[in-house]
Amino acid sequence: MKRSARITIHPQALQHNLNRARQEAPDSKTTAVIKANAYGHGAVEAAGILYDKTEGFAVSCIVEAVELRQAHIDRPITVLQGFQSTDDLRIAEAYQLRLTVHHKRQLSLLDQFSPANSQHRFDLNIKMDSGMHRLGFAPDEFINAVQKLQNHTLVNPDGLVLMTHLSSADEKDKDTTQQQISLFNKNCDALNKDYPKSIANSAGILGWKESDSEWIRPGIMLYGSSPYSETHRDTLDLKAAMTLNAPIITIRHLKKGEVVGYGGTWVCERDTITAIIACGYADGYPRHARSGTPVLIHSEQAKLIGRVSMDMIIIDITDIKEASVQVGDLAELWGKNLSIDTIAQCAETISYELLCNAGNLCERMGT
Ligand SMILES: *Cc1c(COP(=O)(O)O)cnc(C)c1O
């Protein structure tokens with residue numbers, strides 16, 4: 001038995017979107033970001049689909065990387081949060097993971113570690129904090145860290161990549177991105193050796209040529225969502241990689257003045273035909289989606305009315321040709337024909353959150 005709401009993954013869209021990243025940065029190598037179960041799309045599945053067209057993958061943490069290795073994904077895998085213990089280093093050695101070093105505590109962990117194979121050398125990303133103030137060495141610490149790591153007996157000096165992360169590349173009118181890139185480049189230039197760099201996320205790849213470098217790290221664009229609130233995915237030639245569908249389980253005829261849903265927050269302004277859809281916040285549909293949020297029925301646009309419940313939403317189908325709508329028909333909550341970015345805006349959130357939630361809660365249809 002399965003819940004009614006289900007997601008469908010579109011492999012060709014994933015491949016198309018990865019090609020779009022490569023077109024935008026033709027001289028760069030790609031680390032496809034598939035953290036958080038590939039933003040809900042299924043990490044192993046996404047890695048298989050993207051495998052031939054990417055030089056590597058990135059995930060957040062060691063467990064995510066191990067899952068991919070156990071599924072025989074043999075491309076380089078970067079762990080963006082790096083390691084927190086010598087146990088993590090032991091696992092990273094065993095599974096040949098590329099680690100991120102972003103804090104001096106990790107330098108002492110490396111000093112304490114003795115590898116199972118005395119010949120083992122780690123490939124590392126060394127991360128500089130250029131302004132996001134989340135992970136990364138401050139610029140002056142960064143230079144010291146690189147100098148220490150390039151001579152470290154456990155480090156492969158040819159496997160070093162210098163990285164930073166952009167905090168505001170989705171805001172094209174801000175100076176922040178330019179400042180972050182300049183600060184990072186300046187500190188990389190101050191080193192005694194040239195190393196490959198990795199800067200751009202999706203918003204950087206699509207909007208900031210200056211953020212192209214030896215490596216790019218596309219995430220959200222792979223899944224067919226625009227990283228910019230003002231730009232539609234179609235303008236960027238991105239295609240939805242996930243569709244969320246759920247069936248109509250009841251159709252109701254309500255009178256003008258009757259109220260709908262918890263709290264009776266929606267009052268029918270006219271005689272209204274409603275459809276109850278078996279999908280709610282327990283399936284990853286955002287509870288804060290406002291009345292008026294579009295839902296597709298047979299490619300026609302209906303509107304959410306009233307509050308989102310745990311397992312259901314109520315939509316107004318009065319203006320849809322009634323004969324064509326029946327119990328059992330599938331609604332599209334977002335996907336190929338309805339941009340997730342629209343739904344995210346209606347719920348005052350971002351597509352990332354919706355994809356992770358629905359992707360990790362819903363059943364998957366075969367593709
Ligand atoms: C998540 C993440 C990315 C990808 O970001 P998108 O906005 O999804 O393209 C790139 N780099 C780092 C360090 C990340 O954490």
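Each ligand, and each atom within it, is numbered from 1 in the order the structure gives.
- Counting protein heavy atoms only, atom 5 (O) of ligand 1 is closest to Asn201 CB, 3.6 Å.
- The aromatic rings of Phe184 and Phe142 lie tilted to each other, with the angle between the two planes from 30° to 60°.
- Only the side chain of His165 comes within 4.0 Å of ligand 1, judged by heavy-atom distances.
- Taking atom 11 (N) of ligand 1 as the reference point, the nearest protein heavy-atom neighbour is Arg217 NE, 2.9 Å.
- Electrostatic pairing of Arg3 and Asp311 counts as a salt bridge here, judged by a charged N lying under 4.0 Å from a carboxylate O.
- For a threshold of 3.5 Å applied to N or O pairs, the pair formed by Gly219 and ligand 1 contains at least one separation below that value.
- Annotation for ligand 1: atoms under 4.0 Å from non-hydrogen atoms of Tyr39 are 1 (C), 4 (C), 5 (O), 6 (P), 8 (O).
- Using a cutoff of 4.0 Å between basic side-chain nitrogens and carboxylate oxygens, Glu141 and Lys148 are not scored as salt-bridged.
- A donor-acceptor contact under 3.5 angstrom links the side chains of Gln180 and Ser167, judged on distance only.
- At under 3.5 Å, not a single nitrogen or oxygen of Lys127, backbone or side chain, sits near a nitrogen or oxygen of ligand 1.
- Here the CD1-CD1 distance, from Ile205 to Ile199, works out to 11.5 Å after rounding to the nearest 0.5 Å.
- Every atom of ligand 1 with a heavy atom of Ile220 under 4.0 Å away is listed here by number and element: 6 (P), 8 (O), 9 (O).
- Neither side chain, Asn144 nor Lys104, offers a donor N or O lying under 3.5 Å from an acceptor on the other.
- Contacts of Lys35 with ligand 1, taken as heavy-atom pairs under 4.0 Å, involve the side chain alone.
- Counting protein heavy atoms only, atom 9 (O) of ligand 1 is closest to Ser202 OG, 2.5 Å.
- Listed by number with element, the atoms of ligand 1 under 4.0 Å from a non-hydrogen atom of Tyr352 are 6 (P), 7 (O), 8 (O).
- Taking a cutoff of 4.0 Å between a charged side-chain nitrogen and a carboxylate oxygen, Lys209 and Asp212 qualify as a salt bridge.
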